[in-house]
Amino acid sequence: MNITKLVYSILFTLLSLTVLAQEQQQQKPPVKLRQATQQVRPPQPPKIVPQQQPPQPRINQPQQAPQQPRTTPQQDTLRRVQTPAQQGPQQQGQQDRVELKGADDLVGTTINGKRVNKLIGNVIFQQKETFLYADSVYQYRDSEILEAFGNVRINQADTVTMTGSKAVYDGAKRTAKMSGGVTMQDPNMTLTTPTLDYNMDSRTAVYTEGGTIVQPNNRLQSQRGTYDTNTKVFTFQQNVKVFSPDYEITAQNMRYNTESEVVYFQGPTFIKGQNGDLYAEQGTYNTVTKVSRFGRNAYIVTPEYRLGGDDLYYDEGRGYGEAKVNMTMRSLKDDVTIRGQVGRYWRDQGLAKVWGSPVMESIMDGDTLYMAADSLISQEAKADGQPSMLFAFKNVKIFKSDLQGTCDSLSYNRTDSLMYMHRDPTLWSEQSQIVGDTIRIHMRNKTIDKMYIFSNSFITSEDSLQNYNQVKGRNMVAHFQEGRMRRVNVNGNGESIYFALEGDSVLTGMNRAICSDMVLNFAENKLKSISFLVNPEAKFIPPHELQASERRLEGFAWLEELRPDKKEVLAPREPVKEPISPAKAAEPAKGKASGAKPKQSQPKKPAAGAVKQTPNPQ
C-alpha cells in the first residue's frame, strides 16, 4: 500500500513539473537583455517501464525537479513591459504601448514617490513605427512616460529623425519634448533649434525659441515655427529670414514647402534679389524657378522702374513682370509715374507697356503734368548714346494747370527732354490756342523752354471781348519764360488778324497783315503786339466796316470744347487691346523746318459763332 502511494506521488510531481515547464516556455521574453539570467531547459518527463511479473511497476530513478530561475524585481518589471508583444492577440490599447527593446543595465528606484526603472547604456524603446535611443532612460512604471538623457535620438518610420541631449516621451499622448541642441532631419531639410515639441500622430513639430532650416540652396530662420512632415510645409512666425546665393527674404509670417521650395507670404514681405527687389503682403515665390505671384500692394523695384499692383507676376530669370489691378509704374531716373490697369515689363529690353486707362504723372515746375492715352509704352536706352523714350498712342490728352493739349499720338525723348505731338496736335495755355501738323516741345529743368510748330501753324488768342486774334504761318517758334509764353517767331507765309482795343472794353478796329516773318509778343499768355519784319502788307479796318468773312483767317477753328480738364484726363477709358511695340519715332522737325511738303491736318470742329473753314484734303 505504501509503495502504491509513493508511485502516485512521483507521477503527480512529474506531471506538475511538465505543466510548469510548458507555462515557463510560453512566458519566454522576446528581448534578451545583455545581463539577463540564463534560461533553463525545461525537464523531460520520466520514463515508466512496467514489469510483466509480478504486476508491480518498475520505477526508474526519478529526476529532481528543476529549480525555477530566480529573478530580481526589476527583471520582473521588464518582463511585464515586454509581455504584450509576445502574447499574441491582446487588447488594442496594449498593442500601442511603449516596449523596451534593449539596455545594458537596469536599476529600480523611486522618484517623487513614483516607481521608476532606470535603464542605463544603449537603451532602445519602440512604440509602433517610432524608436527612441538614449544613453539612459527613466521609465515610470505607472504610466507611458519616458525621460531620456544623453545622445537622445527619435526615429519615426525611417523618415524623420530628431536628436538632442534630453527628451520626455509620452507614449499615451504620442508626443516628445526634446531639448539641448535639437536637430530634426527628413529627406528635404535639417532643422536646428534649442527645444522642439513633436507629435507622432499628427507628425508635426513646433519650436518657439528660434530655429534654422538648412537645404542645399536655402537657409531659413525664424523665432517660432511649425513643421508638418506630412505636407512638408513649414509655418514661420516672427523675424522670418530666407537666405540663398541669389536673394534674401524678410517677413514676419510665412509658409514654406520643403519639397517644392515654394514660399507663401502671409504679411509684409521683402525680397532682395540680384536684379531687383520685391515687396508683397500675400503671394508665392518659387525659390527654384525664381517666379513670384503677388497680391495686395505688391511691387518690383529694378534699377529703372518700380512696378506695382494688386496682382503681380514676376519671373526673375526671364526678367519679365506683369502687374494688374491698380497698376503703377514709376521711372526712377526722371520720377515719372504711370498708372493703369495692366502693365508689362521686359527687363533685358528695357521695355514697359501699360494699358487700361493709363495716366502718366510728372512733376514739372512745381506742378503736376497728367497725360492719358489708350496705351503708354516706355523704352529705356539700350546703349550709350541712345535715347530713353516714352510713347503714347491714340486719343492723347494732357492736363497741367497752365497747359492743356490733345493729339493722336505722342513721343517723349526723356534723354534730351524733347516731346513730339503727332497728328492734329492742339495746345491751350490760358486764353491762347496753338495748332499745327506736328509740335515739338523742348524742356529745360522740367519746364517748357521752347516750342516748335511745324506746317500749318496757327495761334489764336481770345481777348476780353471774345474777339480772336489770329496768326498763321508755315512754321513757328514759341519762346517761354518761367513756363509762360513770351514771344513767337513766325517763319514764312505769315498772316495775322489783330483786334485793337481801348482798355479792355472798346473795339477801335482790326489790323490785318500779310508778312513773311513776324514776331508776336505776349504778356500773361495774351497777345499784346505784333511786329512785321519783311515787307508787310497791312490795313486797318474800323469796327463799322468789318465784315464777318474778314474776321477769320483761312483754317481758323476755335477748339475750346476739345480742351481737356483734369477730371476728363483721369477718367476711365474703354478697354483696348494690348499695344504693339512702337516703331522708330520719326524726326519731323528737320524735314519740315527745311521746307518739306507738309501733310494737311484733319478737319476740326469750330466754336459756335466762328466761321467754319474747310481745309485742303490730305
Side-chain angles (χ1 to χ4, degrees), residues 424-437 439 453-478 485 487-563 598-618:
D424 302 327
T426 305
L427 288 173
W428 294 267
S429 179
E430 296 189 5
Q431 301 302 315
S432 298
Q433 172 186 289
I434 303 173
V435 298
D437 285 356
I439 296 178
I453 305 100
F454 299 105
S455 299
N456 298 314
S457 305
F458 208 120
I459 293 181
T460 305
S461 178
E462 185 181 29
D463 64 18
S464 58
L465 299 180
Q466 295 186 334
N467 297 308
Y468 298 101
N469 297 315
Q470 305 154 49
V471 178
K472 62 180 292 187
R474 184 173 62 242
N475 300 311
M476 296 184 185
V477 181
M485 191 163 52
R487 186 179 82 253
V488 176
N489 290 27
V490 180
N491 301 317
N493 304 329
E495 295 183 51
S496 69
I497 289 178
Y498 181 74
F499 293 88
L501 302 180
E502 184 177 338
D504 291 332
S505 59
V506 179
L507 176 64
T508 60
M510 186 191 79
N511 188 7
R512 182 162 187 155
I514 298 175
C515 183
S516 176
D517 297 334
M518 303 179 184
V519 177
L520 286 67
N521 297 304
F522 288 79
E524 298 179 355
N525 277 341
K526 293 182 179 181
L527 181 61
K528 294 298 182 181
S529 65
I530 301 176
S531 300
F532 306 103
L533 302 181
V534 180
N535 299 323
E537 297 181 6
K539 65 178 180 177
F540 183 81
I541 304 174
H544 62 277
E545 297 181 5
L546 278 175
Q547 302 296 322
S549 59
E550 297 176 322
R551 300 172 71 94
R552 305 287 185 263
L553 293 177
E554 183 181 358
F556 168 81
W558 184 246
L559 306 172
E560 183 67 21
E561 73 278 6
L562 301 179
R563 188 174 189 170
K599 296 176 69 176
Q600 300 296 325
S601 62
Q602 297 288 339
K604 299 180 180 179
K605 182 179 179 181
V611 177
K612 182 177 180 180
Q613 303 290 334
T614 303
N616 295 328
Q618 290 186 341

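Given the structure is predicted, the values throughout are model-derived calculations rather than measurements.
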Rounded to the nearest 0.5 Å, how far does CG of L520 lie from OG of S529? 8.0 Å
Approximate separation, where rounding is to 0.5 Å, of S457 OG and N491 CG: 9.0 Å
Report the C-alpha distance between F532 and E537 in whole Å, list the side-chain angles of each, state the deciding distance to 0.1 Å, and finish with yes or no for side-chain contact (heavy atoms from CB on, under 4.5 Å). CA-CA 9 Å; F532 306 103; E537 297 181 6; over 6 Å; no
Pair F499, R551 - check side-chain contact (heavy atoms from CB on, under 4.5 Å), show working. CA-CA 9 Å; F499 293 88; R551 300 172 71 94; 4.1 Å; yes
Within this structure, what is the CE-CD distance for the pair M485 and E430, rounded to the nearest 0.5 Å? 9.5 Å
Hey, mind stepping through L501 and L465 against side-chain contact (heavy atoms from CB on, under 4.5 Å) and telling me if it holds? CA-CA 9 Å; L501 302 180; L465 299 180; 3.6 Å; yes
Side chains of residues 508-518: which donor-acceptor pairs under 3.5 Å do they make with residues two or more places apart or in other chains?
{"unit_1": "T508", "atom_1": "OG1", "unit_2": "A500", "atom_2": "O", "d": "3.1"}
{"unit_1": "R512", "atom_1": "NH1", "unit_2": "E550", "atom_2": "O", "d": "3.2"}
{"unit_1": "D517", "atom_1": "OD1", "unit_2": "G492", "atom_2": "N", "d": "3.0"}

Heavy-atom check, side chain of L507 versus side chain of N467, under 4.5 Å: yes
Is there a donor-acceptor pair closer than 3.5 Å between any side-chain N or O of Q433 and the backbone N or O of F458? no
Supply the atom-to-atom distance I439 CD1 to L427 CG, rounded to the nearest 0.5 angstrom. 4.5 Å
Supply the atom-to-atom distance L559 CG to T460 OG1, rounded to the nearest 0.5 angstrom. 8.5 Å
Run the side-chain hydrogen bond (donor to acceptor under 3.5 Å, both in side chains) test against S505 and tell me which residues pass, sequence neighbours left out. none
Determine the minimum heavy-atom distance between I530 and Y498, stating which atoms define it. CD1-CB, 3.9 Å
For the student: nearest non-hydrogen atoms of G436 and I453, plus distance: CA-CG2, 3.8 Å
Side chain of N475, backbone of S455: donor and acceptor closer than 3.5 Å? yes
Heavy-atom side-chain proximity of E560 to W428 below 4.5 angstrom: yes
Step-by-step side-chain contact (heavy atoms from CB on, under 4.5 Å) determination, I434 to M476: CA-CA 10 Å; I434 303 173; M476 296 184 185; over 6 Å; no
Around E545, counting heavy atoms of other residues, nucleotides and ligands shown, do more than 12 lie under 6.0 Å from its CD? yes
Rounded at 0.5 Å granularity, tell me how far CD in Q470 sits from CG in L553. 4.5 Å
